[in-house]
Structure formats: C-alpha cells, structure tokens
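Quick notes on the structure that follows.
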Number of protein chains: 2
Amino acid sequence: MDRINRTSKLPLYYQLYEILRGDILDGKWQPGDMLPPESELVEQYQLSRTTVRQVLDMLVNESLITRQRGRGTFVAHPTLEQGLVRIISFTQDMRHRGLKPGTVILFSELIPAPKDIAQALGIEPGEQLARLDRLRLAEGEPLSIEESHLVHRYCPGVLEGDYVSTSLREALERDHGIRIVRAKQVIRAISAPANLARLLSIPPKAPLLYIERVSSSQHNVSIEFLRIYYRADRYSLYSELQG
Amino acid sequence: MDRINRTSKLPLYYQLYEILRGDILDGKWQPGDMLPPESELVEQYQLSRTTVRQVLDMLVNESLITRQRGRGTFVAHPTLEQGLVRIISFTQDMRHRGLKPGTVILFSELIPAPKDIAQALGIEPGEQLARLDRLRLAEGEPLSIEESHLVHRYCPGVLEGDYVSTSLREALERDHGIRIVRAKQVIRAISAPANLARLLSIPPKAPLLYIERVSSSQHNVSIEFLRIYYRADRYSLYSELQG
DNA sequence: TAGTGGTCTAGACCACAAA
DNA sequence: TTGTGGTCTAGACCACTAA
C-alpha cells in the first residue's frame, strides 16, 4: 500500500502525484474508470483538498485523467501522444502500447567519458561513467537497444543493481535521491550498423529510429546520456502539435 | 486599466488570466522582464494568493512565464526548439536552423481520396482532395518531400495558388478563412523508395525520417493529411521532455 | 436531494536568492 | 536580513449531475 511519508523531503503533493500516476500507468485503474472522489483522497491520504486538487490538476495537464463537475474524475483513454512530451519508462511505454516488456543486459561497466558525451553532460572528458546497455524486448521480440551513461559520481555503485527486473529510474530515486525531471532529446533516422542489426534481429542497414537524450535531475544537473535505437518496423512516435 | 469585475459570471482567476496573458502577448512586458511579485498582484487585484497563483500556474503551463524561487516571475523567452510541440512552417523552420529555404512543385492536382487517407481525415473515400507535392530545399540542396492532401470542399480552388513563393497556410487563411490550430502526427524511420531517393539525391534505401500528420482547423475539422519525408543525413527533430 | 468537482479565502511556514 | 516563490491547511460557498 502506497502511503505518504510525512518525514520525507519530497513534497506531499509530489508523493501523491507519483502514487496516482503510477497506479494509472500501471493499469491499476483502467481507462474510463472513476477515481476516488476528492473527498475520499483527502481522507485516505490525510491531505487538504487543495493539495489533492493540485495533484489532480497535474494529472489533467498530462491528459492522464479528466474531471467532470458533478460526475467525478476518470482515467483518460490513452491517446498514445505522450511519447514526446513526458518521460515515461520503457515498462510504462510498453504497457501503454499493450505489449509485454522484457530486458536483456548487454553490458554493465564503468568507463571513462568520451569527449562527445562529456560535452553533452557538461563534465570533464575521462570522468567515470556507469555504462549500462540493455536490449529491450516487446512480446519476447527485440524492439530496441538502450545505451545508458550515468555520471557515476552522483550515483556510486549504481551498476550493482539488477536492471532486468527493476527500473534504473527507481534505483536512482531510492538509492541516490535522484529524480529525473527533465530531458532534451534529438530524434534521427539511421541505418542499422551490423552489430546492432544482429542484436535486434534485423538485416544490416535496416532503418532505425535513433534518439539521443540528456536527462537532468531535480538539482538541475545533467545525470544521464542515453542512446536508444528502435527497430523502425516495430516502433513509432506520436505527438500533438498546436498552432 | 484592466480590472476584475466582481459581478461578472466569469471566474476571477479567468479574468486575471486574460489580463496577464494579454499584457504578455501584447508585449507590455518583454521576454526576461520581471512580473510584479505575487504579493503585489494580490494587492492590486484584491484577490487571494491562491487565486493569483492559480493564474500564474496556467501561464507557466503555457510557457509564457517562468518562476524562480527567491528571484521572481519572468516573461519567458520564446523557445525556438519546439519542433515537436508547435506547428511551424517550413520557411520558419529553415530560418530557425539558419538555412536558406527553397521549393520545387512536383505535383498539383485534384484526386479522389484513397481509403487510408479518407479514414485519417474522417471523410468518405473518393471525396475530392487537393494534392500538392513539393520538394523542399535547404541551401539549394534537397532536404525533404511534402505530400499535402487538403479536403477540397473546405478550400475550393486552392491549387490555383503559387506555392513556390507563398505558403499554403497563408493561402488557407487569406482565401478560405481557415487557420490550422492543431495537428496529430506519427514519426517513423523508413528506407527511401527508389523514386523518392532519386528526387532527394540520395542512394536508394537510405534512411528517411517520415512524418504523417493530420491537421485540424479552428472549427475542429480535419483539413489536411500530410506526409513528409526528410533526408536523415540532413534533418533531425529536437524535443524537451518533462518528468 | 446527495454527491461531485469548481472557485475562493486568509493564513501559516518553508526554501531559496540576493544584498 | 529581506523579499521572492513553494507548500500546505481548514474551511466556505457554488454549480452541475444523477437518482
């Protein structure tokens, strides 16, 4: 049972936000389901209505829920347009798309930062990085390869975790108090190099959707440089634009 | 002097929102300028701090202002890198990237709507579409191909325009009163088919960034189905994510 | 009528930035 | 130390929906 930790440094609203957001993304409530009324959340989590409403406002802004005066609060129907605005975990992404996620660790070691990555992260070349390469599966079939590079100084020992069954983001928060709150990314199309093609079970030079992402913590420092190679035949991105 | 009308049916927060938003968009405050502190807005408009903060939250969500604890509230600098949030024209995009734009018309005719496009636009298959294919150049070199399909009923005669030197969006607004205010898009990576490769001056099967976009007007009807093929070696997308 | 979300208030204490 | 925004509370009244 998720509860609010009154002694935590995290704001109460943020804790409730993570609880409710997690429940929705994990499918504990289904689209169209009614959430508990505000009064009940107030009671259950012992928070003021203002704080509860602050959280619900955030979820509305993310299009995760909708509210109807006089009726209630409901889980929104997924529009699959969130891939380009919100950071979501691979597991959550797969669940959104209705696919069973899987993970294979390819590489997990400390390395000195190459020049380009050091520059992207704003650190000195040669500083220690925790590099974690993972093959991601959907329905047992290769979908993508993620090459994560974490600034080791901020999360010493991070590679000791088991990242087949637990999420890197959870470990960062739990063990190091680091929340990833922002990221910048570039999206490209590339031809698959031979080694990646083999891992992804596709022909060499097949098209890949390629993402380079620099993520920052709540302290506003860059914490991770991530490369993702998606099989183009199995993955696409959605977004909504405004005029 | 804009004031809050206490007898209006409009909520107080909404009235203040319109006042502040108008002042920012009208340039009464310039990007980087500090807004009056919350305490002063409370005083000036005789509202509670909660209500004032509700309005500021809305403006933050629109990226019109930013807030810094201990420093103040500031008018945001318009961000250029919104390729995945804001609809911008090819010409604007090129200007942002510092490249000279160019256009070659490849095809311009009325066609009956194929089934897939009809479905995406929510019209009957066979309904008349104005199809306009354009090769886009940057610095005189091919960059992308755009295949535009407009629902002709909403903009009869649209193909008579000269879309080398004028923008399709301008013509829609000027001649048909149609503003494109919203769009949904899917982003993929593909291998270039032979005919596109030739037009884009790249080898067959070279990777392309492929976008399918359905745009809607201010009247909330789908008006355009657009396919864009970008040379992957010359074009990438940028986006910012939030946790 | 009962229950829901929408609006609004007055106040408190905290964390951070700048002087 | 002062002034800023960040978080949180307890309570009030209203508007809408559904029974």
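Throughout, a chain's letter reflects where its sequence line sits, starting with A, and its residues are numbered from 1.
The nearest whole Å value for the distance from the OH atom in A:Tyr14 to the P atom in D:dT7 is 11 Å. Rounded to a whole Å, the CG atom of B:Leu56 is 15 Å from the C1' atom of D:dT7. In this structure, the NZ atom of B:Lys9 is 12 Å from the P atom of D:dA15, given to the nearest Å. In this entry the distance linking CD of B:Gln68 with P of D:dG3 reads 19 Å, nearest Å. Atom C1' of nucleotide D:dC8 and atom CD of A:Gln15 are separated by 13 Å, given to the nearest angstrom. Atom CZ in A:Arg67 sits roughly 15 Å away from atom C1' in D:dA15 (whole-Å rounding). Per the geometry, CD belonging to B:Glu40 stands 14 Å off C1' belonging to D:dG5, to the nearest Å. Going from atom CG of A:Leu10 over to atom P of C:dA15 covers 14 Å, rounded to whole Å.
Between A:Thr51 and the phosphate of D:dT7, there is no side-chain N or O to OP1/OP2 separation shorter than 4.0 Å. Residue A:Arg6 has a polar side-chain atom (N or O) positioned under 4.0 Å from OP1 or OP2 of D:dT9. For D:dC8, the OP1/OP2 oxygens have no side-chain nitrogen or oxygen of A:Ser48 closer than 4.0 Å. Side-chain N/O atoms of A:Thr73 include one lying less than 4.0 angstrom from OP1 or OP2 on C:dG5.
A:Leu12 comes within 4.0 angstrom of sugar-phosphate atoms only, judged by non-hydrogen atoms across all strands, and of no base.
No side-chain N or O of B:Thr73 forms a donor-acceptor pair with one of B:Glu38 less than 3.5 Å apart.
Using a 4.0 Å cut-off between charged nitrogen and carboxylate oxygen, B:Lys28 and B:Asp33 do not count as a salt-bridge pair.
Note that OG of A:Ser144 is 7.5 Å distant from CG of A:Leu135, once rounded to the nearest 0.5 Å. Between the CZ atom in A:Arg53 and the CD atom in B:Gln54 there is a gap of 8.0 Å [rounded to 0.5 Å].
Checked against D:dT9, C:dT7, C:dG5, the side chain of B:Gln54 finds its nearest nucleotide in C:dT7. Proximity note for A:Arg69 (side chain, C-beta onward) versus C:dG6, C:dT9, D:dT7: the nearest is C:dG6. Comparing atom distances between the A:Glu38 side chain and each of C:dG6, D:dT4, D:dC8 picks out C:dG6 as nearest. The listed nucleotides are C:dG5, D:dT4, D:dT7; the one nearest the side chain of A:Arg53 is C:dG5. Ranking D:dA18, C:dT7, D:dT4 by closeness to the A:Arg71 side chain, first place goes to D:dA18.
A:Tyr14 carries A:Arg179 over the face of its six-membered ring, with the cationic atom under 6.0 Å from the centre and within 45° of the normal.
Annotation: of the two residues near DNA chain D, B:Thr50 and B:Pro37, the 5′-most nearest-nucleotide partner is B:Pro37. If you find the closest nucleotide of DNA chain C to B:Gln46 and to A:Asp57, the one lying nearer the 5' end belongs to A:Asp57.
Ring geometry, B:His149 versus B:Phe225: the interplanar angle exceeds 60°, so the pair is classed perpendicular (tilted spans 30 to 60°).
Between the base of D:dG6 and the side chain of B:Arg49 there is a donor-acceptor pair shorter than 3.5 Å.
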